2 protein chains.
Amino acid sequence: MSVAAIKYDAGVSRWEPNARGRLEQAAMDLYVERGFEQTTVAEIASRAGLTERTFFRYFSDKREVLFWGAASLQEILVNTITDAPGGTSPIAAVAAAIEVAGTLFQEGRERSRARQAVIEANPELKERELIKLAALAAAMAEALRGRGVRDPVASLAAEAGIAVLKISFDEWVAILGDDDLPQRMRAAFSELRAVTAG
Amino acid sequence: MSVAAIKYDAGVSRWEPNARGRLEQAAMDLYVERGFEQTTVAEIASRAGLTERTFFRYFSDKREVLFWGAASLQEILVNTITDAPGGTSPIAAVAAAIEVAGTLFQEGRERSRARQAVIEANPELKERELIKLAALAAAMAEALRGRGVRDPVASLAAEAGIAVLKISFDEWVAILGDDDLPQRMRAAFSELRAVTAG
DNA sequence: TACATTGATGTCAGCGAATGACATCGCCGC
DNA sequence: GCGGCGATGTCATTCGCTGACATCAATGTA
């Protein structure tokens with residue numbers, strides 16, 4: 001739905017449209033402005049023209065605003081693994097999925113940066129990020145099992161992939177200029193191969 | 001310290017000794033009996049003969065009761081890596097550290113089991129566990145850097161070690177009989193080598 | 001047209017985690 | 001014996017989060 005459509009609808013419909021989007025925007029703005037802890041849910045809701053109660057109808061908790069998008073990322077990773085050509089090795093399928101994720105992050109570069117800065121500044125948010133990454137690993141392992149890969153190979157390949165994702169992403173975010181994230185990921189995978197061979 | 005000793009001390013000192021230990025014990029008991037969420041800090045404190053406020057003086061939050069022991073584990077991992085003979089490869093140093101941890105878990109087997117059951121049953125606790133594991137990985141990476149290992153090798157080796165720890169530990173906990181955790185960890189490391197070799 | 005239903009939001013009350021400020025009072029060194 | 005210290009208690013408060021119920025436009029249906 002376009003912005004024009006939103007304007008059109010205002011006053012016609014009972015409420016402003018896109019409540020979830022407004023809440024998300026308000027939350028991000030406030031988290032960036034004053035930090036996560038210093039922002040209350042009441043403030044977020046108020047800035048979005050809604051009430052606290054409504055915030056909690058859209059997001060299970062204050063942290064989830066920054067993470068609900070992980071669901072679609074998970075879907076992409078799983079599909080990439082599932083759709084990999086037969087005969088692709090587990091680690092190659094995982095690597096392909098991780099690189100697709102890398103491409104996506106690269107597209108929304110500034111957004112990724114801002115988001116990561118907020119998360120990095122708060123331990124509670126780091127916890128949430130880690131559990132989302134763990135969920136991604138679990139989902140990838142499950143997708144591998146769906147291809148006939150057994151444990152512990154499936155789990156190990158998935159965990160290795162997440163390790164590469166984390167490390168590459170952190171480096172990429174820390175770098176000032178813009179360099180290629182998927183390429184950095186490929187390099188990390190080959191480093192990992194050398195390291196474990198150690 | 002035995003119950004008898006506690007009785008002896010009562011009345012001599014102003015308070016029962018070992019407040020922290022009593023809080024920890026009370027918390028574990030309650031978490032096992034009714035689950036983490038269904039237990040209030042007030043109940044824990046009351047069972048330990050203390051107040052809520054005192055609980056928060058010993059533990060930064062309700063979850064930390066189950067995790068404050070991670071500090072000494074981290075120390076052990078770091079020391080093992082630091083003290084590894086010169087010329088030991090990064091992954092070998094990490095493997096050695098992880099196996100030491102495995103030995104420790106094995107000694108307190110029932111305790112590990114009970115604890116893990118509580119954690120597994122609650123997402124908040126899983127989050128906390130993950131961030132502790134991430135802290136362990138970061139500390140091991142730092143110890144490797146202290147040996148002259150550069151990034152991303154140091155980080156990758158540390159993350160790989162944590163992945164092996166996690167997966168082996170989970171399997172070991174799930175198994176009914178008692179089998180050897182360090183040995184399981186060695187096996188997982190060699191699986192990982194095969195997996196990343198693709 | 002009238003009426004029932006539905007769905008997104010609001011209102012209100014309340015619990016429990018966490019924190020700051022200040023009080024208490026044995027213990028220990030001087 | 002006195003004065004400070006340290007472990008604990010008391011009190012008040014903020015904030016995240018939840019359940020129960022109310023509101024009211026839109027939509028469907030007789």
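Side chains are part of it too, since the values below use all heavy atoms of this structure and drop only hydrogens, waters and symmetry mates. Fair warning: this is a prediction, and the values are worked out from it, not measured in the lab.
If you measure from atom CD of Q38(B) to atom C1' of dT18(D), you get 14 Å, rounded to the nearest angstrom. If you take CD of E43(A) and P of dC15(D), they are 8 Å apart, rounded to a whole angstrom. What separates CZ of F59(B) from P of dT8(D) is a distance of 12 Å, to the nearest Å. F55(A) has its CZ atom 14 Å from the P atom of dG10(C), to the nearest Å. Put simply, CZ on R53(B) is 15 Å from P on dA12(D), counting in whole angstrom units. Spacing between atom CD of E52(B) and atom P of dC15(C) amounts to 14 Å, rounded to whole angstrom units. In this entry the distance linking CD of E64(A) with C1' of dG16(D) reads 15 Å, nearest Å. Rounded to a whole Å, the CG atom of D61(A) is 14 Å from the C1' atom of dC15(D).
In this structure a side-chain-to-backbone donor-acceptor pair under 3.5 Å is missing from E159(B) to L156(B).
Considering all non-hydrogen atoms of both residues, L144(A) and V94(A) come closest at CD1-CG2, 3.8 Å.
Looking at R63(B) and E127(A), a side-chain N of the basic residue comes within less than 4.0 Å of a carboxylate O on the acidic one, giving a salt bridge. Between R47(B) and E33(B) there is a salt bridge, since at least one side-chain N of the basic residue sits less than 4.0 Å from a carboxylate O of the acidic one. Using a 4.0 Å cut-off between charged nitrogen and carboxylate oxygen, K132(B) and E64(B) count as a salt-bridge pair.
Here W172(A) contributes atom CH2 and L165(A) contributes atom CG; the two are 11.0 Å apart, rounded to the nearest 0.5 Å.
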Which protein N or O atoms sit under 3.5 Å from an N or O of nucleotides 7-9 of chain C?
from, atom 1, to, atom 2, distance (Å)
dT9(C), OP2, Y58(A), OH, 2.3

